[in-house]
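Working notes, beginning with the structure itself.
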Amino acid sequence: MRTTAFHLVTRKETPQDAEIISHQLMIRTGMIRKLGAGLYTWAPLGMRVLQKVEQIIREEMNAAGGLEMLMPAVQPKELWQETGRIDDFGGQLLAIHDRAMRDYFFGPTHEEVITDFVRNEINSYKQLPINFYQIQTKFRDEIRPRFGVMRSREFIMKDAYSFHLSQESLEHTYQSMKQAYTQIIDRIGLDFRCVLADSGAIGGSGSQEFHVIADSGEDAIMYSDSGEYAANLEKCEAVNLIATRKDAAQALNKVSTPGQKTIDELSEFLGVTSDQTIKTLLVEGTEKPVALVIRGDHNLNEIKAVNLTAVASPLRMLNDEEIKSLTGCDAGSIGVKGLNATIIVDRTVANMSDFICGANENDFHLTGVNWDRDADFDSVEDLRDAMEGDPSPDGVGVLREARGIEVGHIFQLGNKYSTAMNAVVLNEQGKSQAMEMGCYGMGVTRMVAAAIEQNHDDKGIIWPANIAPFQVAILPMNYLKSERVKRAADELYESLNAQGVEVILDDRKVRPGFMMSDFELLGIPHQVIIGDRSLDENQVEYRNRSDMESIKISRDTIESMLVEKIRA
RNA sequence: CGGGGUAUAGCGCAGCCUGGUAGCGCAACUGCUUUGGGAGCAGUGGGUCGGGAGUUCGAAUCUCUCUACCCCGACCA
C-alpha cells in the first residue's frame, strides 16, 4: 500500500474529549471517528487491525470446533418475552419497531436467537455437542458510554453458544473455549488473566472473565500473589479476618458523638481505628428492610448483596425518610441494637467483639457492643469487597489487586434458556431432554483498544506484531526528488509485496520529520528509512518501533532480514 | 436516572457581559523556497454562529424552549 492510495489522516493534537490513551491514539491516528455518543466509524486503518483480531479469533474458534454462522442483529420482542429477560436487561435494550409497529430489539446478545435456531434444527442427541459462533455488531444502550470503543454502545462481539446432552459435555467444551480464549489473547500478544466472575444478566452457574491488565481498566481483579486464585472483585470471596470471636471485655456504653456521621469522623473522634467500628447499611428487602452490616473499614459488595434472597433486586439503599421512620434517627447513627430489620452480617463482623456502632439515636453511638449479649443477627454472609492483603480464599498466598479490561467472558448456562424456550432433544432412551448450554463472548472492538492501552509510549502506538495494520513501513527521504531513493524504495516495496508482507510505502510529499513522527504515532513494528545518505554506502536504516534504535543494514540483506523477523 | 457544563469553519478556541452583519491557531488548497525529526513566506477556499420561537430598526450576543454532546454521581450510616 502506498500512503497516497490509502486514507491516512493523522492529528498532532490530542482530542479534547478523549480521556484514556487508547481513545486518544485511535482518534489521532485516524483509526476511528465518532459519529454520536458511543457510535464510531472504523476508518480503513482501524479496520485493518480489527480484521486481524477477527481473523485470529476465527482461526482459534474453528480449531476448537466452533462453527461460524451469522444471526440477525434485529430480534423480535416475542423471543425475549419467552425468556423473561427484558427486565434483566432493562434500559440497555434498544427497542425499535417496523412500519407495522411490530416490536424488535437491536440484539445486545443472542442467547434467544440461537436457542430458537437450535430448537428447530437439533432434535437428536446424535447432533450434540455442537458449538456455533458469529462475529457481529451488537448494541447496548449503556448509561454512560465512554472511553471511545472501550465502552461504546455499538460494538463488535464474537459470541459463541454450545449445546450439550450432559453437564460433563458442557464442561468439556467450556474448558476447550477457555483454552481457545487463552490462545487468542496470547496470539494477539497481550498480558491477561482469567478470573472467576459473576454471571450477571446472562445467568447460569459458572463463569470466568478474561481481563487484559491495564491501569485504565474499569474492573478490579484480585489475584493470589503465590497461588492460582484470581477473581473479579465483584465475585472475589472475602474471608473471615477474625478466626474466633473473643469474649466481651467491655461493658455496653452509650457515648455522645455530636455531628460524627462518617466512619472516618467517628473513629477519629473516639480515638479508635475504623476496624473497631461497624457500618449498618439499610437496603430494600424482598419482605422487610434488610440491614447489611460490614466492618467500618470495609466496602459493601453490591453484587454479593443483591444476590441474597432477602435483598430486593436491584439493590436500593433506603432514603432518608425511610431510615428516619424505621430507626428514629438519621443515616450516620444507625446501629444493630434493637433494629427492626433483617440483620445480615458479614463473616468478619460476626466474629467481632467490643465493637462500636450507631445507637439509633442522632449524635449517639454505642461502644463495647457484643453479639448475643447486646444484639443479634439473622444470618452471616460474605458481604464485603475483598481487599489487598486479605488471605487468598483458596488458602494459598495473599490477595493483590490489579486493574483489568474485560475482553472475554465464558459461561456455563445450564438449561436456563433451553428450558424457558423448550429446546429439547431426544436422548439415547428416546426421552425428551432439555439441552445444556454454554456461551462465550469476546469483545472484538474492545480488544483493539485494550491492545493499545497495553502497548504505547509517549510517541504513539506500539502494535503487537500480529495485529499491526502493516508490518513494514518504508520511509523514503526525498522520494519525489531523488531518483536513487525512489528506485531503492520502490524495489524494496515491490519485492516485500511479492512475498506477501504487508508493507506501506510513504510516498507523500512531506518532510522527513513529519513522516517519521507519523509512523511512530501509527506504531508500525518494522520501519525502513531510505535516504541518499545511507545509499552512498549501499545501506538503509532499520528501526524497530519498540526500541527505535537505528541499525544500518546492507541493501542486499534488508529484505531477507525483514522477512525473517516477520515470519519468526 | 440525578447534578453540572458545553454547542461559533474538518479540529482546538476567542467574540457574548456592554446587540451594529464573524475572527485566531492547526488542518486543507495554490505558488516559491526548503528537504534526515512535526519548515518558511505569500496567497486561497471553507461558517444557516446546534434547531425553533420571541424582544429589537438590527441578535452569535438578550429571553424562552427543544435537541445533541461532555463530565461527575448513585456505600453517610
Side-chain angles (χ1 to χ4, degrees), chain A residues 9-19 23 27-28 30 33-39 90-91 141-148 257 259-267 274 277-283 291-302 304-306 314-320 322-324 326-327 329-336 339 341 356-366 383-385 459-460 475-482 485 508-521 527 529-536 540-541 543 548 550:
Chain A
V9 182
T10 57
R11 294 215 223 289
K12 193 160 42 173
E13 275 139 27
T14 304
Q16 189 255 338
D17 62 350
E19 289 197 86
H23 188 192
I27 298 288
R28 286 188 55 202
R33 295 293 183 220
K34 183 166 80 169
L35 178 66
L39 303 172
D141 198 356
E142 295 281 349
I143 297 174
R144 193 137 91 83
R146 57 188 142 175
F147 305 145
T257 52
Q260 310 303 312
K261 290 182 187 299
T262 70
I263 289 291
D264 286 345
E265 289 166 1
L266 177 70
S267 36
S274 55
T277 68
I278 61 169
K279 291 196 265 207
T280 308
L281 310 172
L282 294 174
V283 301
L292 300 172
V293 186
I294 55 178
R295 202 169 73 180
D297 59 328
H298 289 158
N299 286 326
L300 177 68
N301 182 307
E302 295 191 10
K304 291 174 183 175
V306 82
L315 187 71
R316 187 181 71 81
M317 308 295 280
L318 296 193
N319 62 35
D320 294 345
E322 291 167 317
I323 290 173
K324 188 89 181 176
L326 185 74
T327 65
C329 70
D330 295 325
S333 299
I334 307 170
V336 290
L339 186 62
I356 297 166
C357 70
N360 292 324
E361 184 179 338
N362 280 348
D363 295 334
F364 285 95
H365 282 77
L366 300 177
L383 289 180
R384 68 178 178 97
D385 282 339
K459 293 189 168 67
L475 310 182
M477 301 292 102
N478 204 14
Y479 181 83
L480 297 179
K481 289 265 176 71
S482 168
V485 166
R508 292 177 299 179
K509 187 188 173 189
V510 293
R511 293 166 62 87
F514 187 94
M515 186 186 287
M516 290 192 272
S517 301
D518 246 6
F519 280 85
E520 275 157 8
L521 177 66
Q527 306 186 359
I529 298 166
I530 298 178
D532 281 310
R533 199 192 280 176
S534 45
L535 283 181
D536 286 342
V540 295
E541 204 171 312
R543 285 179 191 172
M548 291 310 284
S550 288

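Numbers restart at 1 for each chain; the letters A, B, ... are given by sequence-line order, proteins then strands. This structure is a prediction, so every number in the text was calculated from the model and none was measured.
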Item to complete: Look at all strands and tell whether Glu520(A) reaches a base, only sugar-phosphate, or nothing, counting heavy atoms closer than 4.0 Å.
Response: base
Under-3.5 Å N/O pairs linking protein and nucleotides 45-52 of chain B:
none

Worksheet item: Below 3.5 Å, does any donor atom in the side chain of Glu13(A) face an acceptor in the base of G38(B), or the other way round?
Response: no
Item to complete: Between C24(B) and A68(B), how far apart are the C1' atoms? Round to whole Å, please.
Response: 26 Å
Discussion item. Could you identify the nucleotide paired to A39(B), looking across every strand shown and requiring Watson-Crick or G-U wobble geometry with both distances under 3.5 Å?
Written reply: U33(B)
Discussion item. Is it the case that the side chain of Gln527(A) and the backbone of Phe519(A) share a donor-acceptor pair, with hydrogens and angles ignored and the cut-off at 3.5 Å?
Written reply: yes
Practice prompt. May I have the distance from Met317(A) (atom CE) to A77(B) (atom P), rounded to whole angstrom?
Written response: 9 Å
Worksheet entry | Side chain to side chain, His365(A) and Leu266(A), heavy atoms closer than 4.5 Å | yes
Item to complete: For G25(B) versus A42(B), give the span between their P atoms, rounded off to a whole number of Å.
Response: 11 Å
Worksheet item: Atom CZ of Arg511(A) to atom C1' of U35(B): distance rounded to whole Å?
Response: 5 Å
Worksheet entry | G2(B): pairing nucleotide in any strand, Watson-Crick or G-U under 3.5 angstrom | C72(B)
Practice prompt. Between Ser550(A) and Ala37(A), just flag the one whose closest nucleotide in RNA chain B comes earlier from the 5' side.
Written response: Ser550(A)
Practice prompt. Check if the side chain of Asp532(A) and the base of G36(B) share a donor-acceptor pair of N or O atoms closer than 3.5 Å.
Written response: no
Worksheet entry | Opposite nucleotide pairing with C64(B), Watson-Crick or G-U, both atom distances under 3.5 Å | G52(B)
Practice prompt. Please report the shortest heavy-atom distance between Gly259(A) and Asp363(A), naming the atom on each side.
Written response: N-OD1, 3.0 Å
Worksheet item: On a whole-Å scale, what distance lies between the P atoms belonging to U65(B) and G5(B)?
Response: 15 Å
Worksheet item: Separation of Arg384(A) atom CZ from C75(B) atom P, in whole Å?
Response: 19 Å
Worksheet item: Less than 4.5 Å apart, any side-chain heavy atom of Leu535(A) and any of Ile530(A)?
Response: yes
Item to complete: Could you check whether Asp518(A) gets within reach of a base, just the sugar-phosphate, or nothing at all, counting any heavy atom under 4.0 Å?
Response: base
Worksheet item: Paired with C57(B) by Watson-Crick or G-U wobble geometry, both distances under 3.5 Å: which nucleotide is it?
Response: G20(B)
Discussion item. Within the 4.0 Å heavy-atom criterion, would you say Ile323(A) contacts the bases, only the backbone, or no part of the nucleic acid?
Written reply: base
Worksheet item: More 5' along RNA chain B: Lys459(A) or Gly358(A), using each one's nearest nucleotide?
Response: Lys459(A)
Practice prompt. Let me know the distance between CZ of Arg543(A) and C1' of G37(B), rounded to the nearest Å.
Written response: 8 Å
Practice prompt. Provide, to the nearest angstrom, the distance between the CD1 atom belonging to Ile356(A) and the P atom belonging to C76(B).
Written response: 19 Å
Discussion item. At 4.0 Å (heavy atoms only), tell me whether Arg316(A) reaches a base, stays on the sugar-phosphate, or touches nothing.
Written reply: nothing
Item to complete: Under 4.0 Å between any heavy atoms, over every strand shown, what does Thr327(A) touch: base, sugar-phosphate, or nothing? Just pick one.
Response: nothing
Fill in: Sugar-phosphate only, base, or nothing, as touched by Ile263(A) at under 4.0 Å among non-hydrogen atoms
sugar-phosphate
Worksheet item: Roughly how far apart, to the nearest Å, are G20(B) and C49(B) at atom P?
Response: 15 Å
Discussion item. Quick check on C70(B): is either OP1 or OP2 less than 4.0 Å from any side-chain nitrogen or oxygen of Lys34(A)?
Written reply: yes
Item to complete: Hunt down the Watson-Crick or G-U wobble partner of A28(B), both distances under 3.5 Å, from any strand shown, or write none.
Response: U44(B)
Discussion item. With rounding to the closest Å, how many angstrom separate the C1' atoms on U61(B) and A22(B)?
Written reply: 11 Å
Fill in: Pairwise side-chain contact, Asp518(A) with Arg508(A), heavy-atom cut-off 4.5 Å (strictly under)
yes
Item to complete: Check every strand shown and say whether Glu19(A) touches a base, only sugar-phosphate, or nothing at a heavy-atom separation below 4.0 Å.
Response: sugar-phosphate
Worksheet item: Taking only side-chain nitrogens and oxygens of Arg11(A), does any of them come within less than 4.0 Å of OP1 or OP2 of G10(B)?
Response: no
Discussion item. Side chains of Asn299(A) and Ile294(A), heavy atoms from C-beta outward: is any pair under 4.5 Å?
Written reply: no
Worksheet item: Within this structure, what is the CG-to-P distance between Asp363(A) and A77(B), rounded to whole angstrom?
Response: 15 Å
Discussion item. Any heavy-atom pair between the side chains of Arg543(A) and Met516(A) that's under 4.5 Å?
Written reply: yes
Worksheet, complete the sentence: Per atom distances to the Glu541(A) side chain, the nearest of G38(B), G36(B), C71(B) is G36(B)
Fill in: G47(B) to U55(B) separation - P atoms, rounded to the nearest Å
30 Å
Worksheet, complete the sentence: Rounded to whole Å, the NZ-P distance (Lys304(A) to C75(B)) equals 17 Å
Worksheet item: Between Asp385(A), Leu281(A), Val293(A), which is the residue that forms a side-chain contact (heavy atoms from CB on, under 4.5 Å) with Leu300(A)?
Response: Leu281(A)
Worksheet, complete the sentence: Which of G38(B), C70(B), G36(B) is nearest the side chain of Asp17(A)? It is C70(B)
Discussion item. What's Leu292(A) touching, base or sugar-phosphate or nothing? Going by heavy atoms closer than 4.0 Å.
Written reply: nothing
Worksheet item: In the strands shown, is A9(B) matched to any nucleotide by a Watson-Crick or G-U wobble pair with both distances under 3.5 Å, and which?
Response: none
Fill in: Rounded distance in Å - CZ (Phe364(A)) to C1' (A77(B))
17 Å
Discussion item. Taking the P atom in each of A9(B) and G4(B), what is the distance between them to the nearest angstrom?
Written reply: 27 Å
Discussion item. In whole Å, measure the gap between the P atoms of C29(B) and C71(B) for me.
Written reply: 32 Å
